[in-house]
Amino acid sequence: MTSAPLTDPKDRLIVALDLSSVGAAESIVARLGDSVTFYKIGYELGFAGGLGFARELIADGKKVFIDFKLHDIGNTVARGVASLAALGASFATVHAYPQTMRAAMEGKGASPLRILAVTVLTSYDAADLAEAGYSASVEETVARRVVQAREIGIDGIVCAPTDATRVRTLLGPKGAIVTPGVRPDGAASGDQKRVATPYAAIRAGADHLVVGRPIVASPDPAAAARAVQAEIAAALAAS
Ligand SMILES: O=C(O)c1cc(=O)[nH]c(=O)n1[C@@H]1O[C@H](COP(=O)(O)O)[C@@H](O)[C@H]1O
């Protein structure tokens with residue numbers, strides 16, 4: 001069963017709490033206040049007590065995306081996903097391998113957890129895929145994985161904002177499109193290779209934007225989040 005999409009405009013921005021301690025995450029969440037409703041916890045915070053913090057965020061009414069990009073034998077993936085469903089997470093990621101996606105969809109059972117399949121990482125370009133042994137292009141690999149994800153009935157796709165328009169065509173109207181690799185004009189790309197602005201990402205059809213360093217490493221995280229939300233609102237108004 002596919003759960004209802006999260007359609008509140010505030011939920012469009014997901015702030016990646018890529019921070020080394022729960023204390024640092026608490027401080028950013030306090031500075032962001034009510035303006036941010038949705039947080040992502042990945043390896044760095046997750047392996048430093050972040051799952052307990054996820055429970056606190058959920059108890060405070062925030063939505064939480066657990067981003068461990070699971071990929072293992074089916075039994076392990078299904079049971080890991082069942083634990084994330086019990087935690088109360090809204091989103092969880094798996095790599096877009098068919099066996100892994102099927103196991104994750106089985107593991108979440110009837111819970112409202114939505115499984116997102118990561119297609120081709122936003123830090124990868126054609127040379128990185130070739131180095132990893134793939135002969136297909138980035139576009140072909142994304143397309144193949146989206147079609148497989150759709151056939152499995154996945155809840156959503158993680159892709160680069162530059163892929164979003166094509167992903168929506170292949171995925172159909174159901175299913176969330178979540179794009180990291182989002183950079184406001186002038187922000188450093190860092191290790192991201194396939195990027196777009198918040199405005200362009202929403203115009204390309206992204207439902208949710210994941211933004212980390214441009215907000216959490218900013219001297220004024222609340223102002224940085226407001227600027228991203230203003231771009232999201234402008235893009236929605238223009239759509
Ligand atoms: O699954 C993800 O969220 C993800 C997929 C992907 O292809 N690229 C990507 O950057 N991410 C995550 O999105 C966040 C982006 O962070 P910033 O580059 O700091 O905005 C990080 O937490 C990444 O782990």
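As the structure lists them, so they are numbered: ligands from 1, and atoms in each ligand from 1. Along the sequence shown, the residues carry numbers beginning at 1.
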*Asks:* Go through D155 and K108 one step at a time and tell me if the salt bridge (Lys or Arg N to Asp or Glu O under 4.0 Å) criterion holds.
*Replies:* CA-CA 11 Å; D155 298 314; K108 77 167 196 161; 2.8 Å; yes

*Asks:* Report yes if P214 has an N/O atom closer than 3.5 Å to an N/O atom of ligand 1; otherwise report no.
*Replies:* no

*Asks:* Using a 3.5 Å cut-off on N or O atoms only, is R213 in polar contact with ligand 1?
*Replies:* yes

*Asks:* At a non-hydrogen distance cut-off of under 4.0 Å, which region of L121 contacts ligand 1 (side chain, backbone, both, or neither)?
*Replies:*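 It is both backbone and side chain that touch ligand 1.
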
*Asks:* Among all protein heavy atoms, pick out the one at the shortest distance from atom 21 (C) of ligand 1; state its residue, atom name and that distance to 0.1 Å.
*Replies:* D18 OD2, 3.3 Å

*Asks:* Short list, please: which atoms of ligand 1 are under 4.0 Å from a heavy atom of V158?
*Replies:* 1 (O), 5 (C)

*Asks:* Would a hydrophobic clustering, with Ile, Leu, Val, Met, Phe, Trp and Tyr connected at side-chain separations under 4.5 Å, put V178 with Y124?
*Replies:*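 Both belong to a single hydrophobic cluster.
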
*Asks:* Considering residues at least two apart in sequence or located in another chain, which fulfil the ring-ring contact (aromatic ring centres under 6.0 Å, His included) criterion with Y134?
*Replies:*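 Once residues adjacent in sequence are excluded, Y134 has no partner under the ring-ring contact (aromatic ring centres under 6.0 Å, His included) criterion.
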
*Asks:* Does one side chain, of E44 or S20, offer a donor that lies under 3.5 Å from an acceptor on the other?
*Replies:* no

*Asks:* Yes or no on salt bridge (Lys or Arg N to Asp or Glu O under 4.0 Å) for D18 and R213, after CA distance, side-chain angles and deciding distance?
*Replies:* CA-CA 8 Å; D18 292 331; R213 289 162 288 186; over 6 Å; no

*Asks:* Determine yes or no for a side-chain-to-main-chain donor-acceptor pair under 3.5 angstrom, with R145 supplying the side chain and A149 the backbone.
*Replies:* no

*Asks:* Taking 4.0 angstrom as the limit and counting only heavy atoms of Q192, give me the atoms of ligand 1 inside it, by number and element.
*Replies:* 9 (C), 10 (O), 15 (C), 18 (O)

*Asks:* Would K193 and D128 pass as an ion pair if we require N to O under 4.0 Å?
*Replies:*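 A salt bridge is present here (some side-chain N lies under 4.0 Å from a carboxylate O).
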
*Asks:* Going by the order shown, which atoms of ligand 1 are within less than 4.0 Å of some heavy atom of R183?
*Replies:* 17 (P), 18 (O), 19 (O), 20 (O)

*Asks:* Looking only at side chains, do T197 and D185 share a donor and an acceptor under 3.5 Å apart?
*Replies:*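 No, no side-chain donor-acceptor pair sits under 3.5 Å.
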
*Asks:* Test salt bridge (Lys or Arg N to Asp or Glu O under 4.0 Å) on D163 and R194; report intermediate values, then the result.
*Replies:* CA-CA 9 Å; D163 302 328; R194 296 177 11 258; 2.6 Å; yes

*Asks:* Tell me which part of T122 gets within contact of ligand 1: side chain, backbone, both or neither, using heavy atoms under 4.0 Å.
*Replies:*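 Looking at T122 and ligand 1, atoms from backbone and side chain both fall under 4.0 Å.
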
*Asks:* Please confirm whether D191 comes within less than 3.5 Å of ligand 1 when only nitrogen or oxygen atoms on both sides are compared.
*Replies:* no

*Asks:* How far is atom 23 (C) of ligand 1 from the closest protein heavy atom, and which atom is that?
*Replies:*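 Protein heavy atom with the smallest distance to atom 23 (C) of ligand 1: K40 NZ, 3.9 Å.
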
*Asks:* May I ask you to list the atoms of ligand 1 that are less than 4.0 angstrom from any heavy atom of V210?
*Replies:* 13 (O), 14 (C)

*Asks:* What protein heavy atom sits nearest atom 5 (C) of ligand 1, and how far away is it?
*Replies:* P180 CG, 3.5 Å

*Asks:* Counting heavy atoms only, which of D67, T119, I14, V118 comes nearest to atom 3 (O) of ligand 1?
*Replies:*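 Ranked by closest heavy atom to atom 3 (O) of ligand 1, first place is D67.
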
